[in-house]
Number of protein chains: 2
Amino acid sequence: MAYSKNDKVLKEAASRLKSLGIRPLSHRVAVYGHLMHVNNHPSVEEIYSELKQSIPTLSKTTVYNVLDHLCEHHAVRKIVIEGREARYDAMTHDHIHFKCNTCNLIYDIEQPKVPQLNLPAGYEVTTTQVYIEGLCPHCAKHMH
Amino acid sequence: MAYSKNDKVLKEAASRLKSLGIRPLSHRVAVYGHLMHVNNHPSVEEIYSELKQSIPTLSKTTVYNVLDHLCEHHAVRKIVIEGREARYDAMTHDHIHFKCNTCNLIYDIEQPKVPQLNLPAGYEVTTTQVYIEGLCPHCAKHMH
DNA sequence: ATATTTGCAAATAATTTGCAGTCGA
DNA sequence: TCGACTGCAAATTATTTGCAAATAT
């Protein structure tokens, strides 16, 4: 999971950051590239200990700083549905989050799409998040 | 906001707890009654300092214990969309949460209803939460 | 040159835990 | 009586802050 400097992922990450108007500093590129690359929803701790291996000087404060910055500029999304620690998601597109109450994994659901809801007059919607809890197919199967 | 022992709210709370199979101990009734009564989404701290006035022996640990218990038995819902502190909601019915990014208030939206989503085969849904961010009518008006 | 970013250590804040005493059936 | 509940104090955990050094343009 350690990337070489020339990794495609990092180049792609840098270029996306640029197009979002975010200066592609090395730590930002590393964090953002990591989020783009993994499919789970890592916590600060997970991001930190993963990247620490390839960037030994990295501090956790910097991970917090970078994530805050990326959040403010809408490059990543913070999801804090439950539990104590925030999780982060490279916001490539809207999708539903599903948490299995048995295995505790969080799944990304691409279909159906996050619905467009008609709020009462006057409300202006920026983002819509849908969070579903239940039983995932794998755990449901094991119930029998 | 301090209730007398014979308050309707407390009787109603006790009876709802019973029907949910939860023993209506006094602290539970107090916390649950409070959540049913207020329309905002109080944090542990807010619940604690509010109830402390009428129940001077109350400890914050107990508020945590009671809320955990009520959550497990689906009498209340924990919402931790962002920020560090969890907020709690008496789960009388499903509704959408809307957070205004300007005034930071969280609104309950009753209409439209939380949609029923058809997940891929095998997923079993227990609860669906919808969280929308944007601009509330009041703040939108002040933008001009 | 100047504003931004980094990273350590310390501070803060929310929550959890250990445990002894109390309460309810 | 027995298991569930309470509440204090201490521990833990995630996050924030202060500040000095390093970096980017």
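Just so we're clear, the structure is a prediction, and the values are computed from it rather than from any experiment. Computation of the quantities below employed the complete heavy-atom set of this structure, encompassing side-chain atoms and omitting hydrogens, waters and symmetry-equivalent molecules. Below, chain A is the first sequence line, B the second, and so on; all start at residue 1.
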Test: A:Glu12 and A:Arg16 ion pair at under 4.0 Å: yes

Pair B:Arg87 + B:Glu85: basic N to acidic O under 4.0 Å: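 Salt bridge: yes.
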
Calculate the interatomic distance between [X] atom [atom1] and [N] atom [atom2]; express it in whole Å.
{"X": "B:Lys60", "N": "C:dA14", "atom1": "NZ", "atom2": "P", "result": "7 Å"}
{"X": "B:Glu45", "N": "C:dT15", "atom1": "CD", "atom2": "P", "result": "10 Å"}
{"X": "B:Leu67", "N": "C:dA14", "atom1": "CG", "atom2": "P", "result": "15 Å"}
{"X": "B:Asp68", "N": "C:dT16", "atom1": "CG", "atom2": "P", "result": "6 Å"}

For [X], give me all partners under side chain to side chain contact (heavy atoms under 4.5 Å, CB included), at least two apart in sequence or on another chain.
{"X": "B:Pro137", "value": "A:Tyr123"}
{"X": "B:Cys71", "value": "B:Val76, B:Lys78, B:Tyr88"}
{"X": "A:Asn101", "value": "A:Lys99, A:Glu133, B:Thr126"}

Set of side-chain hydrogen bond (donor to acceptor under 3.5 Å, both in side chains) partners for B:Ser59, sequence neighbours left out: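 So B:Ser59 forms a side-chain hydrogen bond (donor to acceptor under 3.5 Å, both in side chains) with B:Thr62.
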
Sugar-phosphate only, base, or nothing, as touched by B:Ser43 at under 4.0 Å among non-hydrogen atoms: nothing

Span of DNA chain D, from the first to the last nucleotide whose atoms fall under 4.0 Å of chain B heavy atoms: D:dA4 to D:dT16

side-chain N/O A:Arg84 vs C:dA13 OP1/OP2, d < 4.0 Å: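 For A:Arg84, the contact criterion (side-chain N or O under 4.0 Å from OP1 or OP2 of C:dA13) is not met.
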
Most 5' of B:Tyr48 and B:Arg28 on DNA chain D, judged by nearest nucleotide: B:Arg28

Residue whose closest nucleotide on DNA chain D lies nearer the 5' end, B:Arg23 versus B:Thr62: B:Arg23

Between A:Asp108 and A:His41, a side-chain donor and acceptor under 3.5 Å: yes

Modelled atom types, side-chain donor and acceptor of B:His27 and B:Asn65, under 3.5 Å: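 Side-chain D/A pair, B:His27 to B:Asn65: absent.
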
same_hphob_cluster(A:Val29, A:Ile22) at 4.5 Å side-chain heavy-atom cutoff: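 Same hydrophobic cluster.
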
Rounded (10°) bend between the five-pair end axes of the helix from C:dA1-D:dT25 to C:dA25-D:dT1: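 Terminal axis comparison yields 40°.
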
